[in-house]
Amino acid sequence: MKKILQDLGFEQLKNLVADMGAQPFRAKQLMEGLSRGKKISEINVDQALRQKLLEEYEDEPVSLEKIFRSADGTEKYLFRLADGNVIEGVFMKYKYGNTQCVSTQVGCRMGCKFCASTLGGLVRNLTSGEILCQTLVVNAMHAAGKERGVTNIVLMGSGEPLDNFDEVSAFLKNVTAPEGINISARNISLSTCGIVPKIYELADLGIPVNLTISLHQTTDEGRRRTMPVANKYTIDGILKACEYYFEKTGRRYIFEYSLISGENADEKHAEELIKLLRGKPCHVNLIRLNEVKERTLKAAGDAQAYKFQAILQNGGISATVRRSMGSDIGGACGQLRAGYLKTEHVPPKR
Ligand code: SAH
């Protein structure tokens, strides 16, 4: 695989252009072109520079392989990477803006029992440019017309962002840079299963994204049943790291809690959650489990979800039930990729 130009920030791009003997203003032209989702071969720079770049860098590091469109405007994507791997993403339209969910790894090694992304383990980390390109490609497709492009990004696709910390932090730096697509940190959410030391590093990064923690249980013992990462990090450790994140960034943090019947969705769990979180600057996002056919876990019903929410709210905890979007096009949380790999058997390009 060739190198990826979108891995570079503006300063690095300036150095590269100088090394290739081109004039400094070419760096700005390249940055503008790439930020509009153009391929190197489509950017209007001089031919010598373009040729040199194409010898070393991928012209199209991330391409759209398939688009699934829902009646509610949600779009789900399969992207093809230059080495033939496939990743997935989602684009959701809200009143306040358009949110894109991006992947940070091909597969995942965290092994959560409810999640399809981890079924085949980790294939490889994505580079910062491959994460960025997912947004650039989708933004270009929407912003080309009169439509609004991507305004918000959630790092909630396949992969554990804090298990790929260096590339994810380079991505955060580049996606928020004024010379690039320039998405504000407050419009970006990073979701983690709770890799505690990396939460501290994220807090120290100086890019105050919204921190979202996949909690999904109220005790360490319970959490270990569905999330192997809980063997390494405790809920107490996570809460302390969240506190540090709040001190450093001033941002309220969010807990994701996917309701699994017979596992974590009873009244007693809601009561335990209140005890755990009372007084903390946080919000709880209740998620209806997307049942994964390779797994036996069952979703709690809607009535149970709203009851759980009411108990939390009565206990003084801010909580919402996440809206399900794009359910008519099926697949979510790694299921699109898993299904695709199973049915299409597409050989890698090279
Ligand atoms: N690795 C990150 C991002 C994962 S995806 C993390 O663990 O946070 C974003 C959210 O979807 C996480 O809270 C994850 O636990 C949850 N999730 C995964 N599979 C799910 C499923 N089948 N149903 C509902 N939520 C799921």
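Along the sequence shown, residues carry numbers from 1.
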So do the side chains of Ser158 and Glu88 get within less than 4.5 Å of each other, counting heavy atoms only? yes
Shortest non-hydrogen contact from Ala299 toward Glu291: N-OE2, 2.9 Å
Is a side-chain donor-acceptor pair under 3.5 Å present for His269 with Thr218? no
Heavy-atom closest contact (Ser169 atom, Leu205 atom, distance): CB-CD2, 3.5 Å
Hey, does Asn187 have a side-chain heavy atom less than 4.5 Å from the side chain of Ile153? no
Any side-chain heavy-atom pair from Leu81 and Val62 closer than 4.5 angstrom? yes
State the CG-CD1 distance between Asp266 and Ile260, to the nearest 0.5 angstrom. 12.0 Å
Answer yes or no: does atom CZ of Arg186 have more than 12 heavy-atom neighbours from other residues, nucleotides or ligands under 6.0 Å? no
Backbone N or O of Cys193 within a donor-acceptor pair of the Glu160 side chain at under 3.5 Å? yes
With no hydrogens and no angle check, do the side chains of Asp7 and Thr127 hold a donor and an acceptor under 3.5 Å apart? yes
Beyond-backbone contact of Leu64 with Met141, side-chain heavy atoms, under 4.5 angstrom: yes
Within the distance-only criterion (no hydrogens, no angle test), does the side chain of Gln217 pair as donor or acceptor with the backbone N or O of Glu263 below 3.5 angstrom? yes
From Ser35 OG over to Asn139 CG, what is the distance, rounded to the nearest 0.5 angstrom? 9.5 Å
Nearest atoms (heavy-atom pairs only) where Ala265 meets Gln304: O-NE2, 3.1 Å
Same cluster (ILVMFWY, side-chain, under 4.5 Å), Leu202 and Met110: yes
Is the number of heavy atoms from other residues, nucleotides or ligands under 6.0 Å of Glu221 CD greater than 12? no
Rounded to the nearest 0.5 Å, what separates atom OG1 in Thr320 from atom CD in Gln313? 8.5 Å
Decide if atom CZ of Arg295 counts as having more than 12 heavy atoms of other residues, nucleotides or ligands within a radius under 6.0 Å. yes
Can you see which heavy atom on Ala22 is nearest to which on Leu49, and at what distance? CB-CD2, 3.9 Å
Below 4.0 angstrom, N of the basic side chain to O of the carboxylate: do Lys3 and Glu56 qualify? yes
Just wondering, more than 12 heavy atoms not from Glu42 lying within 6.0 Å of its CD? yes
I'd like to know whether Glu272 forms a salt bridge (charged side-chain N to carboxylate O under 4.0 Å, His left out) with Lys275, so could you lay out the CA-CA distance, the side-chain angles of the two residues, the decisive distance to 0.1 Å, and finally the verdict. CA-CA 5 Å; Glu272 285 169 3; Lys275 281 203 196 104; over 6 Å; no
Measure from the ring center of Phe255 to the ring center of Tyr257 and say whether it is less than 6.0 Å. no
Could you tell me which residues satisfy side chain to side chain donor-acceptor pair (under 3.5 Å) with Glu201, sequence neighbours excluded, listed by chain and number? Lys198
For the backbone of Ile188 and the side chain of Asn210, can you confirm whether one donor and one acceptor N or O come within less than 3.5 Å of each other? yes
Is there a side-chain contact (heavy atoms from CB on, under 4.5 Å) between Leu16 and Leu5? Walk through the geometry before answering. CA-CA 10 Å; Leu16 178 71; Leu5 196 58; 3.5 Å; yes
Counting C-beta onward and ignoring hydrogens, is there a side-chain heavy-atom pair between Tyr244 and Asp204 closer than 4.5 Å? yes
Those residues that, when tested against Asn15, pass side chain to side chain donor-acceptor pair (under 3.5 Å) (two or more places apart): none
How about His216 and Phe114: are their ring centres within less than 6.0 Å of each other? yes
When you look at Glu256 and Ser214, which way does the side chain to side chain donor-acceptor pair (under 3.5 Å) test go after all the steps? CA-CA 5 Å; Glu256 285 162 304; Ser214 299; 3.3 Å; yes
Salt-bridge test for Glu55 and Lys52: reply yes if a basic N is under 4.0 Å from a carboxylate O, no otherwise. no
Below 4.5 Å, heavy atoms only, C-beta onward: do Tyr253 and Thr212 meet side chain to side chain? no
Checking Gln6 against Glu58: is there a side-chain donor and acceptor pair closer than 3.5 Å? no
Any sub-3.5 Å donor-acceptor pair from Arg50's side-chain atoms to Ile43's backbone N or O? yes
Tell me whether Leu286 shares a hydrophobic cluster with Leu297, the cluster being built from Ile, Leu, Val, Met, Phe, Trp, Tyr side chains joined at under 4.5 Å. yes
What is the distance from atom SG of Cys108 to atom CG of Asn125, rounded to the nearest 0.5 Å? 10.0 Å
According to a 4.5 Å side-chain heavy-atom criterion applied to Ile, Leu, Val, Met, Phe, Trp and Tyr, with indirect links allowed, do Ile4 and Leu30 form part of one hydrophobic cluster? no
Please say yes or no: joined through hydrophobic side-chain contacts below 4.5 Å, possibly via intermediate residues, are Phe10 and Leu136 part of one cluster? no
Kindly say whether Gln105 contributes a backbone atom to a donor-acceptor pair with the side chain of Ser103 at under 3.5 angstrom? no
What is the distance from atom NZ of Lys39 to atom CD of Glu60, rounded to the nearest 0.5 Å? 4.5 Å
hydrophobic_cluster_shared for Ile213 and Ile287, side chain cutoff 4.5 Å: no
Is the number of heavy atoms from other residues, nucleotides or ligands within 6.0 Å of CZ (Arg124) greater than 12? yes
With no hydrogens and no angle check, is any side-chain donor or acceptor of Asn314 less than 3.5 Å from a backbone partner on Ile311? no
Taking side chain as C-beta onward, heavy atoms only, is Lys240 less than 4.5 Å from Tyr200? yes
Greater than 12 external heavy atoms within 6.0 Å of Asn44's CG: no
Minimum heavy-atom separation for Ser184 and Thr176, please, with both atom names. C-CG2, 4.3 Å
Pick out which of Val154, Leu155, Ile199 makes a side chain to side chain contact (heavy atoms under 4.5 Å, CB included) with Leu190. Leu155
Mind running salt bridge (charged side-chain N to carboxylate O under 4.0 Å, His left out) on Lys38 and Glu32 for me, showing each step along the way? CA-CA 9 Å; Lys38 290 191 177 170; Glu32 276 171 14; over 6 Å; no
Could you tell me whether the side chain of Asn98 and the main chain of Gly149 form a donor-acceptor pair under 3.5 Å? yes
Assess the side chains of Gln23 and Arg26: does a donor N or O sit below 3.5 Å from an acceptor N or O? no
So, Arg223 side chain and Leu215 main chain: donor-acceptor pair closer than 3.5 Å or not? yes
For the residue pair Val150 and His142, establish whether any side-chain heavy-atom pair is separated by less than 4.5 Å. no
I would like to know whether Asp220 and Thr234 meet side chain to side chain donor-acceptor pair (under 3.5 Å); could you show each step before the answer? CA-CA 6 Å; Asp220 289 324; Thr234 61; 4.8 Å; no
Once rounded to the nearest 0.5 Å, what's the spacing between atom CD of Glu75 and atom NZ of Lys93? 6.0 Å
Nearest heavy-atom neighbours spanning Phe79 and Gln100: CZ-NE2, 4.0 Å
Could you check whether atom CD of Glu247 has more than 12 heavy atoms from other residues, nucleotides or ligands sitting under 6.0 Å from it? yes
